K.L.:
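Handing you a structure now.
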Amino acid sequence: DDSGACVKETRGQLALAENDLSYAFFFNEFDWLDLVTRWVESKHKSDYGKFVHTAGKFYGDVERNKGLQTSQDARFYSASSRFESVSNKDQALVIQFTVKHEQNIDCGGGYIKLFPADLNQEEMHGDSTYNIMFGPDICGPGTKKVHVIFNYKGKNHLINKDIRCKDDEYTHLYTLIVNPGNTYEVKIDNKKVESGSLEEDWDFLPPKKIKDPDAEKPDDWDEKETIDDPEDKKPDDWDVAENIPDPDAKKPDDWDDEMDGEWEPPMVTNPDYKGEWKPKQIDNPAYKGKWVHPEIDNPEYTADPEIYQYASMGVIGLDLWQVKSGTIFDNFLITNDPKLAEEVGNETWGATKDPEKKMKDSLEEEERKKRDAEEVNIKEEDEDKEERDEEEDYEEEEEGETDSKLKDEL
């Protein structure tokens with residue numbers, strides 16, 4: 001109803017209990033009508049890749065697992081869906097969706113963007129201003145991470161932590177929770193993988209402390225922990241050559257000084273050589289430790305308790321690039337209730353993940369049996385061909401011997 005006290009999604013068999021504190025701002029478990037009526041493909045470029053409505057090659061439920069799938073290789077994709085404009089002021093914001101890279105993706109995005117309500121959907125593109133970008137991104141073995149990017153005062157800020165995403169071919173559930181109080185949590189498959197403070201894990205604000213520009217290390221500050229022992233003296237017999245003439249070497253009998261020059265024995269390592277002498281080390285009585293530059297409060301720092309807050313959110317979009325297509329997006333949810341998101345995740349992704357794996361295992365077993373049968377057929381064909389070739393060679397030898405006998409008789 002208009003108060004947002006109760007939201008029901010019968011198409012996905014999802015029923016959200018009445019709760020005046022919980023509200024699903026957006027929920028989309030795809031059917032074909034959603035693709036036609038709820039999602040708008042951008043016209044900013046003429047060569048965007050096309051989304052199709054499918055559950056893919058393997059699934060847990062052929063109807064419930066249908067989602068938006070990228071269908072053309074090496075393309076940008078740009079599509080979005082609108083919902084009533086909301087703000088997350090004084091309440092949690094939860095963004096959740098599922099991603100399945102069934103094509104064994106090598107390079108491409110699997111993230112969503114949350115836009116302000118004033119976005120022109122038909123003109124959405126890579127530089128369109130968004131509030132939050134969240135989800136997996138894979139490109140080769142070096143990039144397999146979960147993006148968590150916030151737009152703060154007109155600038156996009158990337159998280160300072162590395163959150164690894166899933167890189168297999170199964171469906172996975174991604175959840176971002178942003179709380180009043182400037183804290184956050186990232187979950188994958190309904191399990192926490194990262195959490196912390198927005199201020200500490202992003203560079204939204206200048207640092208609280210800076211080095212005192214007026215402070216300098218004193219000239220007499222000694223940072224050497226040890227010094228040479230002034231009492232230690234080098235032994236008199238220490239200085240010997242590293243290499244000496246080989247005492248066992250003898251001038252060859254055929255050596256001619258006039259022709260070959262003056263003979264010199266080859267050099268060998270001196271067994272008495274002790275290396276470079278260095279005085280032993282003792283504790284430095286003047287040692288004061290490593291000098292630490294004192295810090296002062298940063299005059300440019302001002303705390304902001306509303307980093308988490310966005311005044312307007314009204315569009316969820318897929319704006320990404322994929323080299324190899326085939327990713328399926330589904331089960332989009334935007335709510336203010338983390339517990340509700342967890343329940344929805346269990347009722348959607350959780351209900352179909354095991355049957356999905358079972359179907360994929362079954363398909364792989366069928367494919368293995370097919371390959372084995374083909375290999376057997378190829379082997380049998382090779383053996384049959386080898387037998388035929390041997391028979392032909394035998395027949396040719398027989399004919400050759402018969403011809404030879406006839407010639408001899410003639």
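Note that these values count all heavy atoms, side chains included, but never hydrogens, waters or copies made by symmetry. Values in this document were obtained by computation on a predicted structure and should not be read as measured data. Sequence positions, counted from 1, serve as the residue numbers for this chain.
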K.L.:
When you check the side-chain N and O atoms of Glu185 and Ser195, is any donor under 3.5 Å from an acceptor?
P.N.:
no
K.L.:
If you look at every heavy atom in Tyr111 and His147, which pair is closest and at what distance?
P.N.:
CD2-CD2, 4.1 Å
K.L.:
Could you state the interatomic distance from SG (Cys107) to CG (Asp137), rounded to the nearest 0.5 Å?
P.N.:
7.5 Å
K.L.:
So that I can tick it off, tell me whether Asp232 and Lys280 are bridged by a salt bridge, with the cut-off set at under 4.0 angstrom between side-chain N and carboxylate O.
P.N.:
no
K.L.:
Got Pro266 and Asp246 here, is their nearest side-chain heavy-atom distance under 4.5 Å?
P.N.:
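Side chain of Pro266 against side chain of Asp246, heavy atoms only: contact under 4.5 Å found.
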K.L.:
Using side-chain heavy atoms (C-beta onward) and a distance below 4.5 Å, is Val99 in contact with His172?
P.N.:
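When only atoms from C-beta onward are counted, His172 and Val99 do not touch, as no gap falls below 4.5 Å.
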K.L.:
With a sphere of 6.0 Å drawn around CG of Asn377, does it hold more than 12 non-hydrogen atoms of other residues, nucleotides or ligands?
P.N.:
yes
K.L.:
Would you indicate whether the side-chain heavy atoms of Ser362 and Met359 approach each other to under 4.5 Å?
P.N.:
no
K.L.:
Using modelled atom types only, decide if a donor and an acceptor are shared between the side chain of His157 and the backbone of Phe150 within a distance under 3.5 Å.
P.N.:
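No; zero donor-acceptor contacts below 3.5 Å.
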K.L.:
Please walk me through it: do Phe332 and Leu318 pass side chain to side chain contact (heavy atoms under 4.5 Å, CB included)?
P.N.:
CA-CA 11 Å; Phe332 296 92; Leu318 297 169; 4.3 Å; yes
K.L.:
Quick one: CD on Gln96 to CG on Asn190, what's the gap to the nearest 0.5 Å?
P.N.:
6.0 Å
K.L.:
I'd like to know if the side chain of Thr70 reaches the main chain of Thr327, judged simply by a donor and an acceptor atom lying under 3.5 Å from each other, with no hydrogens or angles considered.
P.N.:
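Looks like yes, one N/O pair under 3.5 Å.
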K.L.:
Between Tyr310 and Ile132, does a side chain to side chain contact (heavy atoms under 4.5 Å, CB included) hold up when you go through it step by step?
P.N.:
CA-CA 10 Å; Tyr310 291 98; Ile132 297 173; 3.8 Å; yes
K.L.:
What are the two closest non-hydrogen atoms of Asn284 and Lys224, and how far apart are they?
P.N.:
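That would be ND2-O, 2.8 Å.
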K.L.:
Check whether NZ of the Lys or CZ of the Arg Lys100 lies under 6.0 Å from the centre of the six-membered ring of Phe58 and within 45 degrees of that ring's axis.
P.N.:
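Ring-cation test returns yes.
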K.L.:
Show the nearest heavy-atom pair for residues Ala311 and Ser87, with the distance to one decimal.
P.N.:
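Shortest heavy-atom contact: O-CB, 3.3 Å.
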K.L.:
Kindly say whether Leu119 contributes a backbone atom to a donor-acceptor pair with the side chain of Arg82 at under 3.5 angstrom?
P.N.:
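Answer holds: yes.
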K.L.:
Classify the side-chain pair Asp319/Tyr130 by whether it contains a donor and acceptor separated by less than 3.5 Å.
P.N.:
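Note: Asp319 and Tyr130 side chains miss the donor-acceptor criterion.
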K.L.:
Above 12 or not: heavy atoms from other molecules or residues under 6.0 Å from CD of Glu367?
P.N.:
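More than 12 within 6.0 Å, yes.
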K.L.:
Using modelled atom types and a 3.5 Å cut-off, is there a donor and acceptor pairing between side-chain atoms of Asn179 and backbone atoms of Gly181?
P.N.:
no
K.L.:
Before you tell me yes or no, could you show the steps for Glu364 and Lys360 under salt bridge (charged side-chain N to carboxylate O under 4.0 Å, His left out), namely the whole-Å CA-CA distance, both residues' side-chain angles and the distance that decides it to 0.1 Å?
P.N.:
CA-CA 6 Å; Glu364 289 178 347; Lys360 185 174 188 297; 2.2 Å; yes
K.L.:
Is the count of non-hydrogen atoms from other residues, nucleotides or ligands lying under 6.0 Å from Lys161 atom NZ greater than 12?
P.N.:
yes
K.L.:
With a sphere of 6.0 Å drawn around NZ of Lys288, does it hold more than 12 non-hydrogen atoms of other residues, nucleotides or ligands?
P.N.:
yes
K.L.:
Take Asp162 and Lys145, measure what side chain to side chain contact (heavy atoms under 4.5 Å, CB included) needs, and give me the verdict at the end.
P.N.:
CA-CA 7 Å; Asp162 185 18; Lys145 62 183 178 181; 3.8 Å; yes
K.L.:
Report the distance from atom OH of Tyr308 to atom CG of Asn88, rounding to the nearest 0.5 Å.
P.N.:
6.5 Å
K.L.:
Donor-acceptor pair, Glu41 side chain versus Lys50 backbone, under 3.5 Å?
P.N.:
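Flag not set: sc Glu41 to bb Lys50 has no pair under 3.5 Å.
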K.L.:
Please answer whether the main-chain N or O of Met124 pairs with a side-chain N or O of Ser42 as donor and acceptor at a distance below 3.5 Å.
P.N.:
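Between the backbone of Met124 and the side chain of Ser42 there is a qualifying donor-acceptor contact (under 3.5 Å).
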K.L.:
Any donor-acceptor pair under 3.5 Å linking the side chain of Trp202 with the backbone of Val148?
P.N.:
yes
K.L.:
Write down the atom of Leu205, the atom of Thr302, and the distance for their closest heavy-atom approach.
P.N.:
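Heavy-atom minimum between the residues: CD1-O, 3.9 Å.
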K.L.:
Does atom CD of Glu374 have more than 12 heavy-atom neighbours from other groups under 6.0 Å away?
P.N.:
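Result for CD/Glu374: enclosed.
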K.L.:
Check Phe27 against Thr348 and note the closest heavy-atom contact, atom names and distance.
P.N.:
CZ-CG2, 4.4 Å
K.L.:
Taking it one step at a time, do Lys209 and Asp297 satisfy salt bridge (charged side-chain N to carboxylate O under 4.0 Å, His left out)?
P.N.:
CA-CA 5 Å; Lys209 299 283 187 178; Asp297 291 337; 2.5 Å; yes
K.L.:
So Ile227 and Pro285, do their side chains get closer than 4.5 Å, heavy atoms only?
P.N.:
yes
K.L.:
Should the pair Phe97 and Phe134 be assigned to parallel (<30°), tilted (30 to 60°) or perpendicular (>60°) ring geometry?
P.N.:
perpendicular
K.L.:
Would you mind reporting whether Pro230 and Ile282 have side-chain heavy atoms less than 4.5 Å apart?
P.N.:
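With C-beta onward as the side chain, the pair touches.
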K.L.:
Please examine the side chains of Thr175 and Val94, heavy atoms only from C-beta on, and report whether any two atoms are closer than 4.5 Å.
P.N.:
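In short, these two side chains touch, coming nearer than 4.5 Å.
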K.L.:
Would you compute the distance between atom CH2 of Trp238 and atom NZ of Lys233 and round it to the nearest 0.5 angstrom?
P.N.:
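Between Trp238 CH2 and Lys233 NZ, I get 15.5 Å after rounding to 0.5 Å.
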K.L.:
Indicate yes or no: does Lys357 engage Asp361 in a salt bridge with an N to O separation below 4.0 Å.
P.N.:
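Yes.
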K.L.:
So, do Trp39 and Phe329 have ring centers that fall under 6.0 Å from each other?
P.N.:
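Judged by ring-centre distance (under 6.0 Å), Trp39 and Phe329 do not meet the cut-off.
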K.L.:
So do Pro265 and Asp248 actually touch side chain to side chain, heavy atoms under 4.5 Å?
P.N.:
no
K.L.:
Can you list the steps and then say if Glu122 with Val40 is a side chain to side chain contact (heavy atoms under 4.5 Å, CB included)?
P.N.:
CA-CA 7 Å; Glu122 292 190 348; Val40 176; 3.9 Å; yes
K.L.:
Drop me the distance from Asn120's CG to Phe115's CZ, to the nearest 0.5 angstrom.
P.N.:
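Interatomic distance, Asn120 CG to Phe115 CZ, rounded to 0.5 Å: 11.5 Å.
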K.L.:
Please check if the side chain of Glu356 supplies one atom and the backbone of Thr171 the other of a donor-acceptor pair under 3.5 Å.
P.N.:
yes
K.L.:
Which heavy atom of Val268 sits nearest to which heavy atom of Pro247, and what is that distance?
P.N.:
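Taking every non-hydrogen atom into account, CG2-CD, 4.4 Å.
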K.L.:
So with a 6.0 Å cut-off around CD of Glu365, is the heavy-atom count from everything else above 12?
P.N.:
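Yes - once you tally the heavy atoms of other residues, nucleotides and ligands closer than 6.0 Å, there are more than 12.
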K.L.:
For Lys274, I'd like to know if atom NZ has over 12 heavy atoms of other residues, nucleotides or ligands within 6.0 Å.
P.N.:
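Yes, enclosed.
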K.L.:
Verify whether one side chain among Asn331 and Thr98 offers a donor that lies under 3.5 Å from an acceptor in the other.
P.N.:
yes
K.L.:
Please determine whether a side-chain nitrogen of the Lys or Arg among Glu343 and Lys339 lies less than 4.0 Å from a carboxylate oxygen of the Asp or Glu.
P.N.:
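Salt bridge present between Glu343 and Lys339.
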K.L.:
Will you find, in the side chains of Gln322 and Asp73, an N or O donor that is under 3.5 Å from an N or O acceptor?
P.N.:
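Side-chain D/A pair, Gln322 to Asp73: absent.
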K.L.:
I want to check something: taking the side chain as every heavy atom from C-beta on, are Asp61 and Pro355 in contact at a cut-off of under 4.5 Å?
P.N.:
no
K.L.:
Can you tell me how far the OH atom of Tyr77 sits from the CD atom of Gln69, to the nearest 0.5 Å?
P.N.:
9.0 Å
K.L.:
Determine yes or no for a side-chain-to-main-chain donor-acceptor pair under 3.5 angstrom, with Thr335 supplying the side chain and Ala341 the backbone.
P.N.:
no
K.L.:
Please confirm whether the backbone N or O of Asp212 pairs with a side-chain atom of His293, one donor and one acceptor, at under 3.5 Å?
P.N.:
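Pair found, side chain donor or acceptor close to backbone of Asp212.
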K.L.:
Applying the salt bridge (Lys or Arg N to Asp or Glu O under 4.0 Å) test to Asp372, which of Lys370, Lys369, Arg368 qualifies?
P.N.:
Arg368
